Amino acid sequence: MKKELEELQNMIDQSKRIVFFGGAGVSTESGIPDFRSVDGLYHQKYKYPPEVMLSHSFYRQHPEEFFDFYRDKLLYPDAKPNAAHRKLAEMEKAGKLSAVVTQNIDGLHQAAGSQKVYELHGSVLRNYCERCHKSYEMDFIRKSKGVPHCSCGGTIKPDVVLYEEGLDSDTLDGALTVISAADMLIIAGTSLVVYPAASLIDYYRGHRLVLINKSETSADRRADLVIHAPVGEVLEQIHVE
Ligand code: CNA
């Protein structure tokens with residue numbers, strides 16, 4: 001990996017508008033399981049497949065079961081940012097990284113100090129009453145039983161994009177703009193199978209496309225540098241001027 005690390009360091013040294021595009025693999029080193037690794041959520045046994053239980057129609061038709069699953073599998077109140085989150089925040093502070101675009105919903109980039117974060121799939125930290133739009137913290141949802149209700153009687157919905165739901169258009173536009181203007185794109189910890197999020201990487205047109213992932217992805221072939229290793233372990237070794 002030494003040669004790849006040197007190459008990555010060189011590319012980072014030459015860039016000043018880096019965008020990081022990440023997924024669940026960025027937070028596995030913080031103890032949050034991803035979906036598609038062998039020990040991920042998709043390999044555990046439930047009454048319904050996770051993509052069904054995390055769909056808009058399931059949320060509407062079986063809210064009790066939705067919230068049981070949601071509390072049990074998507075909330076990690078004790079998770080802390082890892083070396084990857086921390087290095088990215090450092091790179092932004094040093095003026096080298098323009099933004100993080102993430103499919104994650106755990107808020108760990110902001111917890112590490114990143115300011116410019118496009119959360120394509122929302123965040124478990126924000127929750128709103130569907131009737132009066134009052135906001136609630138994650139802890140309220142975590143400690144509630146059954147379907148969480150607002151003081152007005154409405155259902156409180158996590159600000160998380162469920163399967164069958166569209167992405168927020170401002171977030172999408174912002175992510176597209178920074179990726180189009182990037183002089184380096186680092187893609188990490190994502191299987192690149194969830195659309196439309198995965199299609200955003202097509203807006204990068206430069207020659208410093210880096211992929212850091214434990215397993216192979218469909219974008220390996222077109223990357224200028226591929227590193228098959230844990231992203232925290234890799235980024236930890238990068239020096240930011
Ligand atoms: P995914 O489909 O589970 O893929 C994760 C990828 O990361 C796999 O290819 C793994 O090989 C790889 N990987 C796992 N650990 C590491 C690591 N330490 N270093 C490098 N690579 C690693 O996840 P995607 O993000 O691609 O799928 C999109 C879904 C998953 C989004 O909608 C997320 O909301 C959702 N998700 C988010 C979280 C979170 O917020 N932390 C957790 C689980 C799932």
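Quick caveat: nothing in here was measured; it's all calculated off a predicted structure.
Using modelled atom types, one finds a donor on one side chain and an acceptor on the other under 3.5 Å when comparing S15 with R208. Side-chain contact annotation: T28 with D34, donor-acceptor N/O pair under 3.5 Å absent. Defined by atom type and a distance below 3.5 Å, a donor-acceptor pair is present between the side-chain atoms of S144 and R71.
Contact check for V19 versus L97: no side-chain heavy atoms found under the 4.5 Å cut-off. Between F20 and M91, the closest side-chain pair of non-hydrogen atoms is not below 4.5 Å. Looking only at side-chain heavy atoms (C-beta outward), E90 and K87 come within less than 4.5 Å of each other. Counting heavy atoms from C-beta outward, D72 and F67 have side chains that stay 4.5 Å or more apart. The side-chain heavy atoms of L200 and L120, taken from C-beta on, include a pair separated by under 4.5 Å. Contact annotation: the side chain of L192 approaches that of I201 to within less than 4.5 Å [non-hydrogen atoms, C-beta and beyond]. Within the 4.5 Å cutoff, the side chain of L185 has no heavy atoms near those of the V210 side chain. Side-chain atoms of I12 and Q14, non-hydrogen and from C-beta on, never get closer than 4.5 Å to each other.
Judged by distance alone, the side chain of Q9 and the main-chain N or O of I238 form no donor-acceptor pair under 3.5 Å. A donor-acceptor pair is defined here as one N or O able to donate and one able to accept, closer than 3.5 Å; such a pair exists between the side chain of N213 and the backbone of G189. A donor-acceptor pair under 3.5 Å links the side-chain atoms of S199 to the main chain of P196, judged by distance alone. Side chain of Q237 to backbone of E233: a donor-acceptor contact under 3.5 angstrom is found. Looking only at distances, a side-chain donor or acceptor of R131 sits under 3.5 Å from a matching main-chain atom of C152. At least one donor-acceptor pair closer than 3.5 Å links the side chain of D220 to the backbone N or O of T217. The closest donor-acceptor contact from the side chain of N127 to the backbone of I156 lies at 3.5 Å or more, if one exists at all.
The CD1 atom of I186 sits 10.5 Å away from the CG atom of L211 when rounded to the nearest 0.5 Å. Once rounded to the nearest 0.5 Å, the distance linking CZ of F66 with CE of M53 reads 9.5 Å. Rounding to the nearest 0.5 Å places CD of E137 at 10.5 Å from CD1 of I141. In this structure, CE on M184 lies 9.0 Å from NZ on K96, to the nearest 0.5 angstrom. Summarising the geometry, atom NE2 belonging to H62 is positioned 8.5 Å from atom OG belonging to S55; distances are rounded to the nearest 0.5 Å. Here the OG atom belonging to S114 is positioned 12.0 Å from the CZ atom belonging to R86, to the nearest 0.5 angstrom.
Contacts classified as salt bridge (charged side-chain N to carboxylate O under 4.0 Å, His left out) and involving residues 108-123 (residues at least two apart or in different chains) are given here: E119-R126. Here salt bridge (charged side-chain N to carboxylate O under 4.0 Å, His left out) pairs that include residues 164-187, with residues two or more places apart or in two chains, are K157-E165. Judged as a salt bridge (charged side-chain N to carboxylate O under 4.0 Å, His left out), the pairs with a partner in residues 221-230 (not counting sequence neighbours) are, in order, D202-R222. Applying the salt bridge (charged side-chain N to carboxylate O under 4.0 Å, His left out) test to residues at least two apart or on different chains, the pairs with a partner in residues 5-27 are K2-E6. Applying the ring pair (Phe, Tyr, Trp, His ring centres under 6.0 Å) definition to pairs two or more places apart or across chains, those involving residues 85-112 are H85-H109.
For Y59, the side-chain hydrogen bond (donor to acceptor under 3.5 Å, both in side chains) partners at least two apart in sequence or on another chain are E130. T190 is linked by a side-chain hydrogen bond (donor to acceptor under 3.5 Å, both in side chains) to Q103, counting only residues two or more places apart in sequence or in another chain. By the side-chain hydrogen bond (donor to acceptor under 3.5 Å, both in side chains) test, S30 is found to be paired with N82, residues two or more places apart in sequence or in another chain being considered. Remark: F140 pairs with Y136 by the ring-ring contact (aromatic ring centres under 6.0 Å, His included) rule, at least two apart or across chains. Evaluation of the ring-ring contact (aromatic ring centres under 6.0 Å, His included) rule for Y204 yields no partner, not counting sequence neighbours.
Clustering of Ile, Leu, Val, Met, Phe, Trp and Tyr side chains at separations under 4.5 Å places I32 together with Y76, L108. Connectivity analysis of hydrophobic side chains (ILVMFWY, heavy atoms under 4.5 Å, direct or indirect) links Y128 to nothing; its cluster partners are none.
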**Request:** Dump the intermediate steps for side-chain hydrogen bond (donor to acceptor under 3.5 Å, both in side chains) on D159 and S123, then the final yes or no.
**Result:** CA-CA 6 Å; D159 188 12; S123 172; over 6 Å; no
**Message:** Set out, in order, the CA-CA distance, both residues' side-chain angles and the distance that settles side-chain contact (heavy atoms from CB on, under 4.5 Å) for K73 and D68, then state yes or no.
**Reply:** CA-CA 9 Å; K73 296 295 167 192; D68 281 351; over 6 Å; no
**Message:** As a quick check of understanding, evaluate side-chain contact (heavy atoms from CB on, under 4.5 Å) for R205 and S180, giving each step before the final call.
**Reply:** CA-CA 7 Å; R205 299 267 175 234; S180 307; over 6 Å; no
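The nearest pair of heavy atoms linking T171 to Y118 is O-CD2, 3.7 Å. The two residues A229 and I212 make their nearest non-hydrogen contact at O-CG2, 3.7 Å. The two residues Y70 and P158 come nearest to each other via the heavy atoms OH-CB, 3.2 Å. Among all heavy-atom pairs drawn from G113 and E92, the shortest one is O-OE1, 4.2 Å. The minimum heavy-atom distance between V147 and P63, with the atom names listed, is CG2-CB, 3.7 Å. When all heavy atoms of N104 and A24 are compared, the pair lying nearest together is OD1-N, 2.9 Å.
One hydrophobic cluster holds both F69 and Y163 under the rule that ILVMFWY side chains link at heavy-atom gaps under 4.5 Å.
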